[in-house]
Amino acid sequence: MKFALVLGGGAARGAFHLGALQFFEEQNIKIDAYSGSSIGAIIATSHASGVSAKEQLKIFSSKDLKKTLKFNYFKNGLIKIDANNPILNQLLPIGKLEDIPTKVYVNAYDLKKKQLHYFDQGLTHQLCMASSALIPIFKPISCEHMYLVDGGLIDNLPVKPFLDGKHKICTIDLMPRKINLVKRRSFNPIKKLKKKIFSHWFDNVNYSIQHSNIYITHQNLLNFKMFTFKELNECFNFGYKEVQKHFLDII
């Protein structure tokens, strides 16, 4: 049975994914297919293209990567990504998804038709940037009559490309749910509204967890901030150790 790796979104917590990939590399665990959302899409596509976990960590830690983020003067988003920055070619060296030697799926949501796509063909930079375009922070990406934004807003753990019975699915989730140690019965209208808004997102997360053979997350991920690059190495090491715990018995 083929081994499929699903990497969820979570911004800078993506270093946890890189720690997991480092362990897979050291143990010579072959990944036959990847699927990713947001930062998970970028990391999955980069790794499928032959860029190692530590090479990616070096790129994400570099000042050059930060220069790809440009202020957008509030035009459909606060920030836009400079797709012409050479550092993106180091991270995503293969121009088209269909030319990458290992199968990879990138999800993104079309605002025009209100439809979620799982792309396995198309321009790599464009689709990875689209999958990471978290509105209203990032500007949506125009692509072939579509207006694409972060696929993680709908399906943060995209297992659906692998529900053919041919894959053993390992899903890594950077967004664990908070555990409430004390249950309160008091009515909170804000929480109720929030739950209603995100109910579809939670349903998709639950669906993905139920259809994963291996599901990896940890409550301590909540301690890592998503929009800072200062904790990348610590998060990388944490990901390595957590995946090691799950896979040593299997190995």
Side-chain angles (χ1 to χ4, degrees), residues 1-10 13-57 91-94 96-108 116-122 124 127-128 131 151-152 155-176 204-218 221 235-251:
M1 184 173 285
K2 294 181 178 181
F3 178 56
L5 183 63
V6 177
L7 302 180
R13 292 177 189 168
F16 186 93
H17 289 327
L18 297 177
L21 290 172
Q22 177 65 24
F23 175 77
F24 293 148
E25 290 173 17
E26 290 179 1
Q27 298 298 323
N28 294 315
I29 296 174
K30 181 185 177 184
I31 302 168
D32 298 294
Y34 300 78
S35 177
S37 170
S38 196
I39 188 62
I42 295 174
I43 290 172
T45 303
S46 183
H47 201 253
S49 301
V51 184
S52 72
K54 286 194 173 178
E55 286 177 306
Q56 288 192 55
L57 182 64
L91 187 63
L92 302 166
I94 300 177
K96 294 182 179 180
L97 292 180
E98 60 266 33
D99 293 336
I100 296 174
T102 305
K103 193 70 171 179
V104 60
Y105 294 90
V106 170
N107 77 344
L116 183 66
H117 297 272
Y118 301 90
F119 295 99
D120 63 350
Q121 296 183 20
T124 301
L127 292 173
C128 283
S131 185
D155 186 5
N156 199 42
L157 304 174
V159 303
K160 291 180 181 178
F162 305 126
L163 301 182
D164 54 6
K166 298 179 181 179
H167 293 85
K168 185 170 185 177
I169 303 171
C170 173
T171 298
I172 302 181
D173 186 0
L174 304 178
M175 306 287 285
N204 281 331
V205 168
N206 288 333
Y207 180 90
S208 297
I209 294 172
Q210 291 166 8
H211 288 81
S212 298
N213 301 99
I214 303 170
Y215 172 70
I216 300 173
T217 192
H218 198 286
L221 275 165
C235 194
F236 176 93
N237 293 330
F238 182 44
Y240 182 94
K241 292 176 182 178
E242 282 304 307
V243 172
Q244 184 182 47
K245 291 178 185 177
H246 280 81
F247 275 84
L248 278 181
D249 290 339
I250 297 173
I251 294 171

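Atom set for the values below is all heavy atoms of this structure, side chains included, hydrogens, waters and symmetry mates excluded.
Taking the six-membered ring for Trp and thresholds of 30 and 60 degrees, F247 and F24 have ring planes more than 60 degrees apart, a perpendicular arrangement.
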For L91 and Q56, run side chain to side chain contact (heavy atoms under 4.5 Å, CB included): C-alpha distance rounded to whole Å, both residues' side-chain angles, the deciding distance at 0.1 Å, then the answer.
-> CA-CA 7 Å; L91 187 63; Q56 288 192 55; 4.0 Å; yes
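The shortest non-hydrogen separation linking S212 to V159 is OG-CG1, 3.9 Å. Counting all heavy atoms, side chain and backbone alike, L221 lies closest to D173 at CD1-O, 3.5 Å. Of all heavy-atom pairs between P158 and S37, the closest is CD-CB, 3.9 Å. Smallest separation of non-hydrogen atoms from D32 and T102: O-CG2, 3.4 Å. S46 and L92 get closest at one heavy-atom pair: N-CD2, 3.9 Å. In this structure, A33 and H167 approach most closely via the heavy-atom pair CB-NE2, 4.2 Å.
A heavy-atom distance below 4.5 Å is not found between the side chains of Q27 and Q244. Within the 4.5 Å cutoff, the side chain of I94 has heavy atoms near those of the P101 side chain.
Distance CD1/I29 to CG/L21: 10.5 Å, rounded to 0.5 Å. Interatomic distance, CG of L174 versus OG1 of T217, reported as 7.0 Å (0.5 Å rounding). Within the model, atoms CG of D164 and CD1 of I169 stand 8.0 Å from one another, a figure rounded to the nearest 0.5 Å. The line from OG1 of T171 to CD1 of I209 is 8.5 Å long, rounded to the nearest 0.5 Å. Atoms NE2 and CD, on H17 and Q22 in that order, are 15.5 Å from each other to the nearest 0.5 Å. Interatomic distance, F23 CZ to K245 NZ, rounded to the nearest 0.5 Å: 12.5 Å.
Here the side chain of H47 pairs no donor or acceptor atom with the backbone of I43 at under 3.5 angstrom. The backbone N or O of D155 sits less than 3.5 Å from a side-chain atom of N107, completing a donor-acceptor pair. For S131 (side chain) and L127 (main-chain N/O), no donor-acceptor pair under 3.5 Å exists by modelled atom type. Looking at E242, its side chain never comes within 3.5 Å of a backbone N or O of H218 through a donor-acceptor pair. N156 contributes a side-chain N or O that, together with a main-chain N or O of G9, makes up a donor-acceptor pair within less than 3.5 Å. In this structure a side-chain-to-backbone donor-acceptor pair under 3.5 Å is missing from Q121 to L97. Looking only at distances, no side-chain donor or acceptor of N213 sits under 3.5 Å from a matching main-chain atom of C170. The backbone N or O of G152 sits nowhere less than 3.5 Å from a side-chain atom of S38 that would complete a donor-acceptor pair. Checked by atom type and distance alone, the side chain of S49 never pairs as donor or acceptor with a backbone atom of P93 at under 3.5 Å.
Each of F3, Y105, Y34 was scored for a ring pair (Phe, Tyr, Trp, His ring centres under 6.0 Å) with F162, with one residue passing: Y105.
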